Amino acid sequence: MTTQSRQQQKQKTQQKNKPVTKIGNIEIKSCSALAPMAGITDLPLRRLVRKFSKNCLLTTEMISSEMLMQNRPDEHQKILVREENESPLAYQISGHKPEMMAKAARILQKSGADIVDINMGCPVKKVVCGGDGSALMRTPQIASDIVKAVKDAVDIPVTVKFRLGYTAAEQNFFEFAKLMQDSGADAMTIHCRTRSQMYSGTADWKAISKIKNEISVPVFANGDIVSPQRAKECLEQSGADGVAIARGVLGAPDLIYRIEHYFSTGEILPELDISQKIELLKDHINDEIALRGEHVALQFVRKFYPYYIRGIRDAAVYRGTLVTETSYSKIFEILDTIVQKETAAG
Ligand SMILES: Cc1cc2nc3c(=O)[nH]c(=O)nc-3n(C[C@H](O)[C@H](O)[C@H](O)COP(=O)(O)O)c2cc1C
């Protein structure tokens with residue numbers, strides 16, 4: 001290796017190891033974060049993401065503050081369980097009662113949360129009807145009271161996740177972001193869609209570009225980031241400090257790592273091939289079984305199959321068989337067949 005290339009390598013390593021941002025007192029050494037997904041970002045999924053990205057901020061599924069008040073130890077255990085190497089790990093809570101959210105946050109801190117994230121973006125009818133999730137963007141005073149109550153209750157950083165607004169005519173994200181910061185939020189993630197859009201249309205990253213002039217805490221832009229190049233475009237258009245990724249990691253738990261690698265070296269790494277994906281899927285299934293027991297886990301993992309086998313020959317046929325199969329050994333046989341056939345076909 002020449003002196004010049006050694007120096008270049010050193011610079012790259014330094015760049016890579018440089019803390020990208022700080023959330024409260026926590027250094028976040030990656031500009032990509034795993035966004036929360038209910039029923040998805042449980043321990044097994046987070047474990048797969050962490051296998052590749054050692055530094056990214058991980059987030060649990062949304063945890064209802066009301067559920068945490070109930071005596072359901074088994075449910076709590078499944079959703080609160082974490083591993084040491086998951087730090088930095090944010091636990092996300094939902095709810096609309098400041099006092100209850102504060103109590104819930106205390107439980108999360110005790111359970112090992114490094115950060116408490118507050119859900120102010122969920123668009124689901126059942127959630128917003130109760131005044132939770134994105135409904136809080138229509139009740140900014142309550143949202144502010146929640147952040148203040150949670151901040152008072154815990155010693156760890158508190159973050160919020162919200163959308164551009166409730167409807168196109170109510171895009172209050174700018175004032176909302178300022179209010180959240182003034183209320184004590186240590187960082188925020190903005191899904192660049194409105195509640196009425198749900199998941200339709202495209203995320204408007206540009207919309208939030210002026211936020212960084214007003215907000216000093218880190219801002220993560222979210223929505224539609226499915227590749228390293230899209231992550232770069234998002235950062236350029238939004239001016240955000242980082243990106244948060246949800247659906248993009250489905251079937252591609254290495255995506256966040258590939259984004260980090262691209263940002264630190266400029267190199268685009270290839271996506272995983274089918275045999276690597278199937279190996280990860282097998283780990284995913286085994287880990288879900290360890291968490292939930294075989295019967296429940298084999299139903300639970302059905303939603304993941306389409307993502308892992310996307311793009312292969314006869315994907316629809318395999319998907320059809322996998323989602324109806326109830327036997328562990330048969331499922332693994334089908335997965336082995338997929339690898340054999342795909343490898344033979346080249
Ligand atoms: C199945 C699913 C579950 C989700 N659950 C949550 C959640 O619990 N909390 C939350 O703040 N956002 C939740 N979201 C929204 C995502 O975090 C993210 O904002 C959205 O999917 C847009 O980002 P993406 O294009 O990277 O997926 C969920 C999204 C999906 C698809």
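Note that these values count all heavy atoms, side chains included, but never hydrogens, waters or copies made by symmetry. Remember, it's 1-based here, ligands and their atoms both numbered in the order they're listed. Everything numeric in this text was worked out from a predicted model, so none of it was measured.
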Which protein heavy atom lies closest to [atom], and at what distance to 0.1 Å?
atom                    : result
atom 14 (N) of ligand 1 : Pro36 O, 3.4 Å
atom 27 (O) of ligand 1 : Arg247 NE, 2.7 Å
atom 23 (O) of ligand 1 : Asn222 ND2, 3.0 Å
atom 26 (O) of ligand 1 : Ala246 N, 2.9 Å
atom 15 (C) of ligand 1 : Tyr199 OH, 3.5 Å

Check each heavy atom of [X] against ligand 1 and say whether those closer than 4.0 Å belong to the side chain, the backbone, both or neither.
X      : value
Asp224 : both
His191 : side chain
Lys161 : side chain
Arg193 : neither

Just go through Gln92, Met62, Met37, Met198 and tell me whose heavy atom is the nearest to atom 11 (O) of ligand 1.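 Heavy atom nearest to atom 11 (O) of ligand 1 belongs to Gln92.
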Pull out every atom of ligand 1 sitting under 4.0 Å from any heavy atom of Ala35, numbered as shown with elements.
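Result: 17 (O).
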*Can you list the atoms of ligand 1 that are under 4.0 Å from a heavy atom of Ala38?*
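Heavy-atom distances to Ala38 below 4.0 Å select 3 (C), 4 (C), 5 (N), 6 (C), 7 (C), 8 (O).
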Residues [X] and [Y] bridged, charged N to O under 4.0 Å:
X      : Y      : result
Arg247 : Asp224 : yes
Arg230 : Glu233 : yes
Glu342 : Arg313 : yes
Glu236 : Lys232 : yes
Lys151 : Asp186 : yes

* Asked: Name the one of Lys78, Arg47, Lys303, Arg292 that satisfies salt bridge (Lys or Arg N to Asp or Glu O under 4.0 Å) with Asp42?
  ->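 Result: among Lys78, Arg47, Lys303, Arg292, Arg292 is the only option passing the salt bridge (Lys or Arg N to Asp or Glu O under 4.0 Å) with Asp42.
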Review point. At the 4.0 Å heavy-atom cut-off, does Gly121 count as touching ligand 1?
Key: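 It does not; every heavy atom stays at 4.0 Å or beyond.
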*asked:* Any side-chain to backbone donor/acceptor pair from Glu214 onto Lys178? Under 3.5 Å, distance only.
replied: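 Such a contact is absent between Glu214 side chain and Lys178 backbone.
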Does Val49 form a side chain to side chain contact (heavy atoms under 4.5 Å, CB included) with Leu45? I'd like the steps, not just the answer. CA-CA 7 Å; Val49 174; Leu45 189 284; 4.1 Å; yes
Is any side-chain heavy atom of Pro98 less than 4.5 Å from a side-chain heavy atom of Val147?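 Side chain of Pro98 against side chain of Val147, heavy atoms only: no contact under 4.5 Å found.
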